[in-house]
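Okay, so here's the structure we're looking at.
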Amino acid sequence: MPYDPRQVETKWQAYWQKHRVFRSEIDPSKPKFYALDMFPYPSGSGLHVGHPKGYISTDVLARYKRMRGFNVLHPMGWDAFGLPAEQYAIETGTHPQETTARNIEVFKRQLQALGLDYDWSREVNTTEPSYMRWTQWIFRKLYERDLAYLAEVPVNWCPALGTVLANEEVIDGKSERGSHPVVRMPMRQWMLRITAYADRLIDDLDEVDWPEAIKKMQRDWIGRSEGARIVFDVEGRGGNQIEVFTTRPDTLFGATYMVLAPEHPLVEEITSGDARDAVVAYVEQTARRSERDRIADTFEKSGVATGATALHPITGARLPIWIADYVLATYGTGAIMSVPAHDERDHAFARRFALPIIEVVAGGDDVQAEAFTGEGAAVNSDFLDGLHTAEAKRRICEWLEDSGRGEASVSYKLRDWLFSRQRYWGEPFPVLHLEDGSTTLVPEDDLPVLLPELDDFKPTGEFEPPLGRVKTWVETTDPATGQPARRDTNTMPQWAGSCWYYLRFIDPTNDMEPWSREAEQYWMPVDLYVGGAEHAVLHLLYSRFWHKVLFDLGLVHTKEPFQKLLNPGMILGYSYRYFDDDLADEKPADARVYAANEVELRQGTPRHRESGEELKARWVQAADVRFVGETPTHPTLDLELEVVTEKMSKSRGNVVNPDDVIEKWGTDTLRLYEMFMGPIEKGAPWSDESIPGLARFLQRIWRLFVDDAGALAPLAEGAGSDAQARLLARTIRDTTDDFEGLRFNTAISKLMVFVRDVADDGPMPREAAEAFTKLLSPLAPHLADELWERLGHSGSLARETWPEPDSSKLVEDTITLVAQVNGKRRDEIEVPADADEATVRAIALASEKVQQHLGGREPSKVIVVPGRLVNLVG
RNA sequence: GCCGGAGUGGCGGAAUUGGUAUACGCGACGGACUCAAAAUCCGUUGCCCCUCGGGGCGUGUGGGUUCGAGUCCCACCUCCGGCACCA
């Protein structure tokens with residue numbers, strides 16, 4: 001009777017659900033383990049096989065930890081606000097709520113089909129009033145601590161989406177979603193003061209067990225740099241001053257000109273009459289240039305002189321003031337003192353515009369030819385002369401402070417977080433705008449502020465967000481004063497809900513507070529957080545920021561929310577590509593098509609190899625590809641397709657649906673395959689051809705336990721032969737190590753070895769059979785529970801105890817060593833496990849093969865590596 | 001350009017602190033069972049040479065350290081990821 005996964009898997013999934021096997025409650029008598037997956041946005045296309053890799057990993061570990069006696073919390077929920085549902089609403093008029101509910105249903109069914117051990121009683125949904133209420137409640141806390149403020153800031157306005165985008169949502173001047181053009185516009189926006197936490201966000205990274213690469217990305221993103229602020233007077237403009245930030249205040253004497261960002265507020269004021277036209281033109285040109293253009297010619301500096309002059313704070317030297325787009329308005333003070341001798345960018349600019357270059361740090365070659373950015377002794381620097389860079393920095397900062405011309409200062413790349421969006425499908429802000437222009441909070445008792453109903457989800461196209469259309473919602477009264485008030489028509493970004501969901505999971509139905517102190521004390525922090533590296537900076541930085549604010553409020557007891565972080569590598573798919581010249585996507589009948597070998601990529605743009613004409617990549621759905629022999633070919637044209645391995649996505653036609661895999665092979669096979677593909681952190685292409693190997697493994701296990709008639713196969717009583725007992729002990733020890741180290745691929749290979757060898761010298765012993773089902777159960781829980789039951793037990797292995805290896809079976813009497821002569825393997829020798837060097841040497845010298853290769857010489861040196869090898873050098 | 005990470009059979013990948021390179025799986029080939037096929041089981045499978053005992057070469061490339069290097073050092077090549085004038 002062959003193994004029928006469908007029947008067994010359905011049976012056990014129903015059992016787990018009925019008996020609430022994965023329900024977790026606070027239990028102070030047990031250590032806790034909080035395993036968390038990054039909760040998904042329930043998109044309309046459902047899951048592909050890439051998504052569950054991380055979920056399966058946490059599931060395997062959670063099941064393992066539970067059997068090791070931990071009280072495991074492993075919840076799942078929905079990050080359900082988001083642009084796609086709103087876009088869909090704009091196109092079809094379907095309310096996002098409806099779309100979202102439908103998508104969640106599909107996702108949940110797919111996740112349940114994977115046999116994941118979620119405690120579904122803790123399911124959360126960021127769009128539900130009972131959740132949104134507390135998101136708004138946290139916003140109130142931020143506001144009360146002056147961490148939320150309104151500001152007029154230039155924002156990335158995307159007319160097509162009718163919304164403002166965060167900097168990180170804009171790529172090459174286009175929206176990350178949909179690639180629509182984005183323009184910079186000043187707008188009144190909610191900002192969160194994340195910069196106030198910059199230092200702590202850097203420093204506390206030392207406390208967490210995260211991949212170094214991710215920590216580094218966060219540090220770089222925050223971009224702390226130490227230096228000084230220095231004030232320069234503008235000549236002849238009573239009182240006008242330019243403040244600059246520099247990391248090299250020691251080079252102050254080398255400053256030969258000043259540069260302002262074109263957007264700098266002083267530009268307008270200080271520009272002299274005859275420079276005005278050129279300056280205005282340059283400012284306009286900069287505003288028009290896309291970010292992509294500006295990056296493209298990083299080495300070609302441009303700029304214009306303003307005609308104004310600054311005065312050196314020490315020497316009084318006259319420094320011409322320029323504007324140039326290599327100075328960024330948003331970093332530091334938006335202005336620099338330029339030291340061309342010791343900064344490459346300043347050097348390039350000075351050369352371009354023939355500005356003077358003065359050496360003030362010794363150690364470089366000819367600073368007229370090339371900037372010297374290293375450290376050294378100060379020269380041409382008055383009272384700094386002879387001081388090394390670090391000391392010179394200290395001295396000049398003292399001078400600046402004493403004379404009131406500046407001070408030591410720290411600057412960050414990190415900017416405050418633009419926290420409002422002009423969308424419908426998000427959390428409304430719990431604030432009221434009063435007639436006098438002031439802002440007040442909606443009282444705690446009136447939360448949540450719910451979204452009004454809306455018939456038309458289209459952006460207004462103006463700066464008015466969709467919520468602005470609902471006058472009856474916007475116009476209200478301030479409950480404190482009875483005055484007329486207007487609600488805020490912005491909504492929060494998608495990050496808001498995901499910033500704190502891990503805290504709601506610990507106490508998801510609490511309607512008195514967002515979570516109880518008791519639950520927080522017990523469950524936090526998250527012990528293992530698993531999710532894609534694409535969230536390396538944004539989500540992880542934002543939630544760390546909120547967590548620190550909650551820490552300061554005494555609402556959480558750990559500085560950091562996520563103790564250990566794991567980024568599963570992506571599962572890739574094979575996609576099939578060609579090119580055509582239909583750049584505008586008009587699909588004309590006469591569009592010319594090209595195979596990959598006629599095309600080359602130039603600066604990321606595909607172009608025809610010969611003509612240089614720009615082309616566009618097209619993909620054929622994997623299912624539609626025609627194979628001519630081995631060659632993938634276009635379904636209707638005689639055109640060879642290029643095989644590309646890339647991230648699975650609908651548009652590339654390379655997605656594999658887990659439902660199909662489960663239908664054909666069963667869930668346990670899918671789980672094993674994904675865990676067997678390689679190390680979790682590594683990405684690998686999906687291969688249908690490898691799956692049968694794992695299905696065969698499960699069949700082999702089944703036949704080991706179940707005979708042809710479907711009855712339990714005969715088992716040897718007890719521990720079986722010595723070899724069997726040793727095999728079992730080794731398998732327990734090694735797979736346990738692998739589970740602890742999250743090396744599920746090698747754990748599986750050890751289970752395969754066990755299955756291959758256990759019945760070599762007689763029927764499998766009962767002890768081995770029982771222990772094996774336990775070792776198998778985190779990975780293939782359905783089959784394991786079924787076998788456990790057939791062994792005469794009742795209930796699920798989920799609540800059983802992990803086996804311990806019999807340590808007496810782990811020590812060997814004799815061991816095999818490799819005998820090398822001059823570093824080359826020549827023979828294997830058997831030695832007593834406790835043999836000393838002399839014994840090993842004697843046994844090795846007794847080997848015929850060793851003697852043959854020594855050629856009668858006496859070894860001059862003998863190296864014995866205990867338990868490994870003996871090397872005779874002669 | 002800068003910063004990370006990785007290059008091991010036809011393929012996915014194993015390999016304590018430097019200590020038998022290629023475990024396990026896929027694929028391929030041969031065999032058993034079968035009227036036949038599927039399924040299953042057994043065997044072979046890095047490359048080259050061989051008198052069938054064995055020998056030589058092999059972890060991206062070129063050097064080095066060492067009794068011994070996939071692992072350490074130097075230089076380089078390729079791929080993947082991140083950042084992109086951050087003063």
Side-chain angles (χ1 to χ4, degrees), chain A residues 2 211-217 220-221 223-225 227-228 244-249 251 259 261 291-292 294-301 324-328 330-339 342-346 348-349 373 411-415 533-534 536-537 567 569-570 572 645 672-673 676-679 681-694 696-697 699-700 703 737 743 745-753 755-756 816-828 849 852 859-874:
Chain A
E212 269 316 310
I214 302 283
K215 288 193 191 181
K216 190 175 177 304
M217 273 191 242
D220 290 351
W221 188 265
R224 181 190 156 99
S225 54
V244 303
F245 174 75
T246 175
T247 53
R248 291 296 298 272
T251 62
V259 186
E291 200 138 325
R292 169 173 279 217
R294 286 176 67 163
I295 290 164
D297 48 31
T298 293
F299 301 99
E300 186 69 20
K301 296 283 177 283
D325 66 2
Y326 83 93
V327 174
L328 307 175
T330 44
Y331 182 75
T333 60
I336 63 161
M337 66 174 199
S338 189
V339 185
H342 304 287
D343 182 283
E344 280 163 15
R345 296 151 302 180
D346 294 345
F349 192 84
T373 56
S411 199
Y412 301 92
K413 258 163 49 171
L414 181 70
R415 299 170 205 160
E534 64 272 24
V537 273
N567 302 124
M570 225 180 304
L572 308 170
T645 34
L672 279 172
Y673 172 63
F676 192 62
M677 288 174 85
E681 306 87 332
K682 247 191 99 173
W686 180 265
S687 155
D688 281 325
E689 293 182 344
S690 299
I691 297 176
L694 284 306
R696 239 171 284 176
F697 171 53
Q699 289 290 349
R700 232 172 266 147
R703 281 198 309 274
D737 282 354
R743 293 181 298 269
N745 55 331
T746 51
I748 293 168
S749 81
K750 279 150 200 165
L751 295 176
M752 287 172 166
V753 170
V755 169
R756 184 191 66 191
T816 307
L817 293 191
V818 162
Q820 293 183 335
V821 176
N822 292 327
K824 287 195 197 278
R825 178 177 184 270
R826 296 301 179 189
D827 201 4
E828 284 182 0
K849 288 175 185 161
Q852 198 180 314
S860 58
K861 195 171 174 186
V862 178
I863 292 134
V864 176
V865 182
R868 286 279 172 190
L869 54 72
V870 49
N871 186 12
L872 302 137
V873 184

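Every chain is numbered from 1 and lettered A, B, ... according to where its sequence line falls, protein lines coming before strand lines.
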N/O to N/O distances under 3.5 Å, protein versus nucleotides 26-34 of chain B:
unit_1: B:rC26; atom_1: OP1; unit_2: A:Arg696; atom_2: NH1; d: 3.2
unit_1: B:rC26; atom_1: O3'; unit_2: A:Glu689; atom_2: O; d: 3.4
unit_1: B:rC26; atom_1: O2'; unit_2: A:Glu689; atom_2: O; d: 3.2

Checklist entry - For B:rG25, does OP1 or OP2 lie under 4.0 Å from any side-chain N or O of A:Arg756? => result no

Item to check | B:rG60 to B:rU22 separation - P atoms, rounded to the nearest Å | outcome: 16 Å

Check: protein-nucleotides 20-22 of chain B nitrogen or oxygen pairs below 3.5 Å:
unit_1: B:rU20; atom_1: OP2; unit_2: A:Arg868; atom_2: NH1; d: 3.4
unit_1: B:rU20; atom_1: O2; unit_2: A:Arg825; atom_2: NE; d: 3.1
unit_1: B:rU20; atom_1: O2; unit_2: A:Arg825; atom_2: NH2; d: 3.1

Checklist entry - Quick one: is A:Asn745 getting a side-chain N or O under 4.0 Å of the B:rC24 phosphate, OP1 or OP2? => result no

Checklist outcome for this item: Glycosidic torsion of B:rG9 (syn if within 90° of 0, anti otherwise) classifies it as syn

Checklist entry - Parallel under 30°, tilted from 30 to 60°, perpendicular over 60°: which one fits the rings of A:Tyr331 and A:Phe245? => result perpendicular

Checklist entry - P atom, B:rC76 versus B:rG1: distance in rounded Å? => result 13 Å

Next on the checklist: Let's test your reading of the model: under 3.5 Å, does the base of B:rC85 pair with the side chain of A:Lys301 as donor and acceptor?
Outcome noted: yes

Next on the checklist: From OH of A:Tyr326 over to C1' of B:rG1, roughly how many Å is that when rounded to an integer?
Outcome noted: 18 Å

Next on the checklist: Taking 4.0 Å as the cut-off, does a side-chain nitrogen or oxygen of A:Lys682 come that near to OP1 or OP2 on B:rA6?
Outcome noted: no

Next on the checklist: Given B:rG56, B:rG12, B:rA87, identify the nucleotide with an atom nearest to the side chain of A:Arg826.
Outcome noted: B:rG56

Checklist entry - Does A:Lys824 have a side-chain nitrogen or oxygen under 4.0 Å from the phosphate oxygens OP1 or OP2 of B:rC57? => result yes

Next on the checklist: Would you measure the distance from the P atom in B:rG64 across to the matching atom in B:rA69 and give it in whole Å?
Outcome noted: 12 Å

Item to check | 4.5 Å side-chain heavy-atom contact, A:Phe676 and A:Met752 | outcome: yes

Checklist entry - Is B:rG53 in the syn range, within 90° of 0, or in the anti range? => result syn

Checklist entry - Hey, is the side chain of A:Ser225 poking within less than 4.0 Å of OP1 or OP2 on B:rA87, counting only N and O atoms? => result yes

